[in-house]
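Notes to accompany the following structure.
In the text below, chain A, chain B and the rest are named by the order of the sequence lines, each starting its count at 1.
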Protein chains: 2
Amino acid sequence: MRVRLEDVARRAGVSPKTVSRVLNDEANVSDATRKRVTEAMEAMDYRPLSSARSLAGNRSFLVAMLYDNNDNPASTYLAEIQDGVLEACDAHRYNMMVRPLRMRGEDFVRRLDAVISDHHPDGIVLTPPITDYAPLLKRLRERQVPFASVSPVSRENNIGVAMDEQLAARTMVEHLLSLGHRRIAHVSGIADHGASRWRLAGYREAMAAAGLVEDPALVVQGAFTFASGVAAARQLFALKKRPTAVFAANDDMASGVMWVANERGMKVPQDISVCGFDDIPLARQLWPALTTIRQPSREMGKVAALQLLEVLRGRGPGRLVEMPFSLEVRDSTASPA
Amino acid sequence: MRVRLEDVARRAGVSPKTVSRVLNDEANVSDATRKRVTEAMEAMDYRPLSSARSLAGNRSFLVAMLYDNNDNPASTYLAEIQDGVLEACDAHRYNMMVRPLRMRGEDFVRRLDAVISDHHPDGIVLTPPITDYAPLLKRLRERQVPFASVSPVSRENNIGVAMDEQLAARTMVEHLLSLGHRRIAHVSGIADHGASRWRLAGYREAMAAAGLVEDPALVVQGAFTFASGVAAARQLFALKKRPTAVFAANDDMASGVMWVANERGMKVPQDISVCGFDDIPLARQLWPALTTIRQPSREMGKVAALQLLEVLRGRGPGRLVEMPFSLEVRDSTASPA
DNA sequence: GACACAATTGACAGCGCTGTCAATTTGCAG
DNA sequence: CTGCAAATTGACAGCGCTGTCAATTGTGTC
């Protein structure tokens, strides 16, 4: 039969409640007792039954990671974040569950409610763009479910992890400027995503700082997908005055731009420079290897989860951690002809 | 306060046990009673508390998906499978948890034991190559944890999902042969993975059927990664008698082969045909778009999980479902010069 | 209409743990 | 030593559900 808390208590010569205290790392247990109990637990290979702990203690040891799977069926970005969140949860013996939450339709908040009512997660990790949907955040606060965000738009009242994407985008465009490019196009992401706004803002900031007047034709709306990158590139390359460089708001769209360049017989980077953002594995697999901004997604997932866990474990309020980015100059950018 | 089973019972005018029976879809409840209880549940928006159900009923409603994360940090293939498993679990109100399980070192089985002891999953979904590690399967059977496999090597005593990968590989090579290729190389995967064996066997079968004698120099060992595809291609292209086509055992390796071709100034498909296997999103993003075998990974994850759930819900024994593949002819293959 | 038997329903205990609160021990000032 | 507060420990009930088994109701047969 399985070893129960009661069995450990008997062996350690204490009451079950004391073992419970040690298990939950509570204060007010003498060192001697704590040691004795810990030894008994190890000797008996005691494994607490989480359903019993949940029922009695009214908590679930569950962290839910929410994501929008509208256009992200199996995105590498999310897989990496998930990996990081999982690592953090494991370290503190929390379970992780992943929940797609299609951000479409009226009943979005109701589906969040269902997740909470059905699974009672102790806390939630939000990924973009769910991080910024006000009604949902409101509901989470109402229901008092702690949450941490990955790259939220607002830095106020948020814990989790962020990166200075605007500065990163600006750095990327400055790289293109330093190569001598002046007609630099931007393929943006879904308009209301924070990532799109920051990256566009960084582009504009760099262009303005270089004294260039923005040509509206050079800014094309995309949707973070390969297909939208293809469409945007077709539009840009049909211009009378073509750009000499294209900065896409993520790597998937950049790959679409490169694809169209190839299709038209344009050489990258000789005829056109292309760069992206995120540094997913694809970036190195393309020919030529894609110049991009490295975003440490896995680490970001981990850090966001750790902030949440700090709150869940009553260890502190958690904070919004700023992660560093880096410009990865590879072979898809060069000086214009 | 939350609605409990007892509250539903009172409203429906029956005993709690009867509500429990309806909740668990048990036999021996009269239609009239079942209807009354169901209505009461809905009217009150009753949400059973899974920790209480688990504790009392000694089951967890948990399906664990195990994967080997040695070289698969955030593979698209696994992300798609996970997505399918999740959909199936959701449909039957089971929870899903993902567990990386590094298949290295002695304590591999012990780590499986820990997962079972800590989380008590009702069932497990195995992904390659974990599907074929005998000591692990033995342990699962000893501990009586039902499991279903995705693409297991052995079709005996296994439920889950499979694809005729050997036939698929043969079909791919026949496509190359029909284009006129004779010197066809193969970049294989990790030697003891079923996928590698089947794909290599299909290659050999097709070559033999065409009356060609195998040139050992044309079969290079890879490891399913981009980097290993690059290394293999360098080796192949250094040959005095180069291949005119390369069939890589997966898309990531194929992209490595294409990368090296580009590096050497070889045109795909004019100078060399390249093809892969799996049809991950990358395949369409490469230039030229990669000819490959489409494997419906998401669907396979779903079907494997459904077989497992059939067992868990006592609905039947489950079976090994055969999935169809398809040859996706794109632009990376053509007749040799 | 009486009987045997099957189908349906309910009473009750208890799953393994933790919250509450009371009892006991310890530490320390005087 | 004594007295008192703080620290430590324990007794006990109960979290919300299901397994077991007994009680009740329905069904078919002669």
The side chain of [X] lies closest to which of these nucleotides: [options]?
{"X": "B:A52", "options": "D:dG16, C:dG10, C:dT8", "result": "D:dG16"}
{"X": "B:T33", "options": "D:dT9, D:dC17, C:dT9", "result": "C:dT9"}
{"X": "A:N28", "options": "C:dG16, D:dT8, C:dT18", "result": "D:dT8"}

How long is the line joining [atom1] of [X] and [atom2] of [N], in whole Å?
{"X": "A:E6", "N": "D:dA13", "atom1": "CD", "atom2": "P", "value": "15 Å"}
{"X": "B:R21", "N": "D:dT18", "atom1": "CZ", "atom2": "P", "value": "11 Å"}
{"X": "B:L5", "N": "D:dG19", "atom1": "CG", "atom2": "P", "value": "12 Å"}
{"X": "B:K17", "N": "C:dG10", "atom1": "NZ", "atom2": "P", "value": "12 Å"}
{"X": "B:L23", "N": "D:dG16", "atom1": "CG", "atom2": "P", "value": "15 Å"}
{"X": "B:R36", "N": "C:dT9", "atom1": "CZ", "atom2": "P", "value": "8 Å"}
{"X": "B:R10", "N": "C:dG10", "atom1": "CZ", "atom2": "C1'", "value": "15 Å"}
{"X": "B:L55", "N": "D:dC17", "atom1": "CG", "atom2": "C1'", "value": "8 Å"}

For B:P317 against B:I159, the heavy-atom pair lying closest together
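Heavy-atom minimum between the residues: O-CG2, 3.7 Å.
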
Identify the two heavy atoms, one from A:Q307 and one from A:V321, that lie closest to each other, and give their separation to 0.1 Å.
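Nearest pair, atom of A:Q307 first, then A:V321: NE2-CG2, 3.6 Å.
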
Over 60° means perpendicular and under 30° means parallel, so tell me whether A:F224 and A:H193 are parallel, tilted or perpendicular.
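Rings of A:F224 and A:H193: tilted, 30 to 60°.
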
Is [X] close enough to [N] that one of its side-chain N or O atoms is under 4.0 Å from OP1 or OP2 there?
{"X": "A:R53", "N": "C:dT18", "value": "yes"}
{"X": "A:Y46", "N": "C:dC17", "value": "yes"}
{"X": "A:S30", "N": "D:dT8", "value": "no"}
{"X": "A:T18", "N": "D:dG10", "value": "yes"}

Between B:D31 and A:R4, who's closer to the 5' end of DNA chain C by nearest nucleotide?
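Nearest nucleotide further toward 5': that of B:D31.
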
5'-most contact on DNA chain C: B:A56 or B:G13, nearest heavy atom basis?
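Whichever sits nearer the 5' end wins; that is B:G13.
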
Using a heavy-atom cut-off of 4.0 Å across all strands, would you classify [X] as base, sugar-phosphate, or nothing?
{"X": "B:N24", "result": "sugar-phosphate"}
{"X": "A:S54", "result": "nothing"}
{"X": "A:R59", "result": "sugar-phosphate"}
{"X": "A:S51", "result": "nothing"}

With A:R53 as the cation and A:F61 as the aromatic partner, state whether NZ or CZ is under 6.0 Å from the six-membered ring centre and within 45° of the axis.
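Geometry flag: set, cation within 6.0 Å and 45°.
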
Could you go step by step and tell me if B:R2 and A:H120 meet the side chain to side chain donor-acceptor pair (under 3.5 Å) rule?
CA-CA 12 Å; B:R2 75 174 289 116; A:H120 298 278; 2.9 Å; yes

Out of curiosity, A:D25 CG to A:R313 CZ, how far, rounded to the nearest 0.5 Å?
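Spacing of CG (A:D25) from CZ (A:R313) equals 7.5 Å.
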
